[in-house]
Amino acid sequence: MTNWSSHYARRAARMESAEVRDLLAVFARKDITSFAGGIPDPSLFPTEAIAAAYAAVLADPKRAAAALQYSVPEGHPSLRRWLAADMTARGTPCAPENVLVTNGSQQALDTIGKLFISERETVLVSAPTFLGAVQAFNAYEPRFDELPGPESNRTPDSFRGPGGARPKFGYVMPEFENPTGRTLTRAERLRLLDFAETLDIPLVEDSPYETLRYSGQAVPLLLTLAAARAGGIDACRVLHCGTFSKSIVPGLRVGWVIGPRAVIERLMLAKQAADIQTSTINQMVLADIAGAMVPAQAEKVRPIYRARRDAMLAALRAHMPPGVTWTEPEGGFFIWVALPDHIDTSALLKRAVDEARVAYVPGSAFFAGGGGRNMLRLSFSVTNETEIAEGMSRLAALIRTE
Ligand SMILES: Cc1ncc(COP(=O)(O)O)c(C=O)c1O
């Protein structure tokens, strides 16, 4: 038998993720109430309207020929135009040349990693942060350091690497962060921009949950604040990653990066080497339907997800013992729970699944540099209010025995 591991590049050592593999097995079990997966509820998908949009493209011989053909790596012109117009309408003047269409925002993160990170260079992330971003960046063998939070007293220079090297970028999710559900205030966003300016580093704004706000006031995007300060997108230091995964459906795998056109051109070359382009037909269909469907889906799903969030918060308040704390998200899919220090949520997961028939993601999965042992992420996106009330009551009863 070939010892395949001995043949792999060094970076492969950072591609292990036993925790996630175990979780995928749990998702598949029908008897489990899963608060683990951060996925949209498939019963809310606009399937018929999507089917009709594909049928319309394929029924027109000229459009069908284009839709089934190769297209350009930067993104189908119709979709690039739509994304630029949408960003402009939301208050940040944007040209199609500022947009790169990607295979979901996950590919945007990977492509940014590929363009910016060399081995042992520093990437700044929040702690906890999005597991998928750590996985994407890990292939380029960075070291991770923590972005300064509100209470940080670190000097900007303390973020520099050997020889005074600047970090390569800071990665943030200002809206309904995965996994904490937190939203950065306007003041926090401005402070982050100040910090990035002081160190002269780019910021990557990952914003997949933007359309899923259930309460509170919208805050301008980091891109919007940065472009307003700098005098336009081309002069700013923010790369904004978006996606149709949560605003329409994830299965079409269409996302984007919006940023200064000089960077977009280089990201385009890196993406082209990976997969030539994002599916032509998927982009054409989305360009046809996004204008009407993004707001319609938001109207449809927001009250449903809001009720689920409220049910989960109510269950936490009703059942959790003293010493347990949690976030109160204004949108997105996630609530972040801190248990008393002595509880190890990775060890507890087995009992949660076997005894309480509930799954969650242990907190340690979200820390690039260790931590989160007593924390866990709950998602309320695919369970109804009854399942939430019953599942949370069982989980809280289990926690009370610890
Ligand atoms: C914060 C964050 N970024 C990116 C992604 C990837 O999304 P996409 O489906 O657009 O690749 C997710 C998916 O859950 C996410 O939570």
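The first residue in the sequence is number 1, and the count goes up from there.
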Take Ser126 and Glu146, measure what side chain to side chain contact (heavy atoms under 4.5 Å, CB included) needs, and give me the verdict at the end. CA-CA 5 Å; Ser126 45; Glu146 206 176 309; over 6 Å; no

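- The environment of Lys350 atom NZ is sparse: at most 12 non-hydrogen atoms of other residues, nucleotides or ligands sit within 6.0 angstrom.
- Using cut-offs of 30° and 60° on the angle between ring planes, the pair Phe334 and Tyr209 is perpendicular.
- Taking 4.5 Å as the limit, some side-chain heavy atom of Leu124 sits within range of a side-chain heavy atom of Phe159.
- Going from atom OG1 of Thr111 over to atom CD of Gln272 covers 12.0 Å, rounded to the nearest 0.5 Å.
- Ring-centre distance between Tyr214 and Phe176: not below the 6.0 Å cut-off.
- Side chains of Thr183 and Arg189 form a contact here, defined as non-hydrogen atoms less than 4.5 Å apart.
- Considering Trp326, Phe366, Phe35 as possible partners of Trp336, the one that fulfils the ring pair (Phe, Tyr, Trp, His ring centres under 6.0 Å) test is Phe366.
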What do the steps show when you test Glu119 against Arg10 for salt bridge (charged side-chain N to carboxylate O under 4.0 Å, His left out), and what is the final call? CA-CA 11 Å; Glu119 181 198 333; Arg10 195 185 45 220; 3.2 Å; yes

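- Here Asp275 pairs with Lys271 in a salt bridge; the nearest charged N to carboxylate O distance falls below 4.0 Å.
- For Thr122 and Arg166, the side-chain atoms include no donor-acceptor pair closer than 3.5 Å.
- Checked by atom type and distance alone, the side chain of Arg377 pairs as donor or acceptor with a backbone atom of Ala36 at under 3.5 Å.
- Summarising the geometry of Arg81 relative to Pro96, their closest heavy-atom pair is CG-CG, 4.1 Å, with the distance given to 0.1 Å.
- Between Asp41 and Ser43, the side chains place a donor N or O and an acceptor N or O closer than 3.5 Å (distance only, hydrogens not considered).
- In this structure, Arg261 pairs ionically with Asp234, as a charged nitrogen and a carboxylate oxygen lie closer than 4.0 Å.
- Proximity of Arg373 to Ser346: side-chain heavy atoms (C-beta onward) are nowhere separated by under 4.5 Å.
- By the 4.5 Å heavy-atom criterion applied to side chains, Met375 and Val337 are not counted as neighbours.
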Would you sort out whether Val172 and Val204 count as a side chain to side chain contact (heavy atoms under 4.5 Å, CB included), showing the intermediate values? CA-CA 6 Å; Val172 281; Val204 175; over 6 Å; no

Between Thr211 and Arg302, is the side-chain hydrogen bond (donor to acceptor under 3.5 Å, both in side chains) condition met? List the steps. CA-CA 8 Å; Thr211 57; Arg302 273 194 300 238; over 6 Å; no

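- Side chains of Glu175 and Pro208 form no contact here, defined as non-hydrogen atoms less than 4.5 Å apart.
- For the pair Asn374 (side chain) and Ala338 (backbone), a donor-acceptor distance under 3.5 Å is absent.
- Rounding to the nearest 0.5 angstrom, the gap separating the CG atom in Asp354 from the CZ atom in Arg351 is 10.0 Å.
- One finds the CG atom of Leu100 at 11.5 Å from the CG atom of Asn98 (value rounded to the nearest 0.5 Å).
- Using a distance-only test at 3.5 Å, with no hydrogens or angles considered, no donor-acceptor pair links the side chain of Thr129 to the main chain of Val125.
- For Glu299 (side chain) and Ala296 (main-chain N/O), no donor-acceptor pair under 3.5 Å exists by modelled atom type.
- Expressed to the nearest 0.5 Å, how far CD1 of Ile258 lies from CG of Leu239 amounts to 11.0 Å.
- At least one donor-acceptor pair under 3.5 Å links the side chain of Thr185 to the backbone N or O of Glu188.
- Of the possible donor and acceptor atoms, one in the side chain of Arg400 sits under 3.5 Å from a partner among the backbone N and O of His319.
- Asp145 and Ser158 get closest at one heavy-atom pair: OD2-O, 4.4 Å.
- Here the closest heavy-atom approach between residue Ala311 and residue Glu385 is recorded as CB-CG, 3.6 Å.
- Proximity of Val257 to Ile264: side-chain heavy atoms (C-beta onward) are separated by under 4.5 Å at one or more points.
- Ion pairing of Arg306 with Glu330 is absent here, as no side-chain N (NZ or NE/NH1/NH2) approaches a carboxylate O to less than 4.0 Å.
- The residue from Arg394, Met392, Glu387 that alone fulfils the side chain to side chain contact (heavy atoms under 4.5 Å, CB included) condition with Glu390 is Arg394.
- Taking the ring centroids of Tyr140 and Phe116, they lie at or beyond the 6.0 Å cut-off.
- Phe137 CZ to Lys114 NZ: the interatomic distance, rounded to the nearest 0.5 Å, is 14.0 Å.
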Side chain to side chain contact (heavy atoms under 4.5 Å, CB included) between Ile399 and Ile343: does it pass, once the steps are laid out? CA-CA 8 Å; Ile399 289 168; Ile343 303 182; 4.2 Å; yes

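- If you check the side chains of Thr327 and Thr180, you find no donor sitting under 3.5 Å from an acceptor.
- A distance below 6.0 Å separates the ring centres of Tyr305 and Phe333.
- In this structure, Arg229 pairs ionically with Asp194, as a charged nitrogen and a carboxylate oxygen lie closer than 4.0 Å.
- Glu74 places no side-chain N or O within donor-acceptor distance of the main-chain N or O of Leu267, the cut-off being under 3.5 Å.
- The shortest heavy-atom contact between Val382 and Pro40 is CG1-O, 3.8 Å.
- Side-chain contact between Val249 and Phe244 is absent, with no heavy atoms from C-beta onward closer than 4.5 Å.
- Residue Cys236 comes nearest to Leu223 through the heavy atom pair SG-CD1, 3.9 Å, listed as atom of the first residue, atom of the second, then distance.
- In this structure a side-chain-to-backbone donor-acceptor pair under 3.5 Å is missing from Arg154 to Pro148.
- Between Glu141 and Arg120 there is no salt bridge, since no side-chain N of the basic residue sits under 4.0 Å from a carboxylate O of the acidic one.
- Residues Asn103 and Gln106 are not in side-chain contact: their nearest non-hydrogen atoms beyond the backbone lie 4.5 Å or more apart.
- Tested against Leu192 for a side chain to side chain contact (heavy atoms under 4.5 Å, CB included), the candidates Leu225, Val238, Leu203 yield a single pass: Leu203.
- In this structure, OG on Ser381 lies 8.5 Å from NZ on Lys246, to the nearest 0.5 angstrom.
- Separation of the Tyr171 and Phe130 ring centroids does not fall under the 6.0 Å cut-off.
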As a quick check of understanding, evaluate side chain to side chain contact (heavy atoms under 4.5 Å, CB included) for Leu222 and Met173, giving each step before the final call. CA-CA 10 Å; Leu222 204 55; Met173 291 159 277; over 6 Å; no

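- No side-chain donor-acceptor contact under 3.5 Å links Asp288 and Tyr54.
- At a cut-off of 3.5 Å, with distance as the only test, no side-chain donor of Thr280 or Gln283 sits close to an acceptor on the other residue.
- Ion pairing between Arg90 and Asp86 holds under the 4.0 Å rule for side-chain N and carboxylate O.
- Judged by distance alone, with hydrogens and angles left aside, the side-chain atoms of Arg253 form a donor-acceptor pair with the main-chain N or O of Pro250 at under 3.5 Å.
- Remark: side-chain polar atoms of Tyr360 are paired, donor with acceptor, to backbone N or O of Leu349 under 3.5 angstrom.
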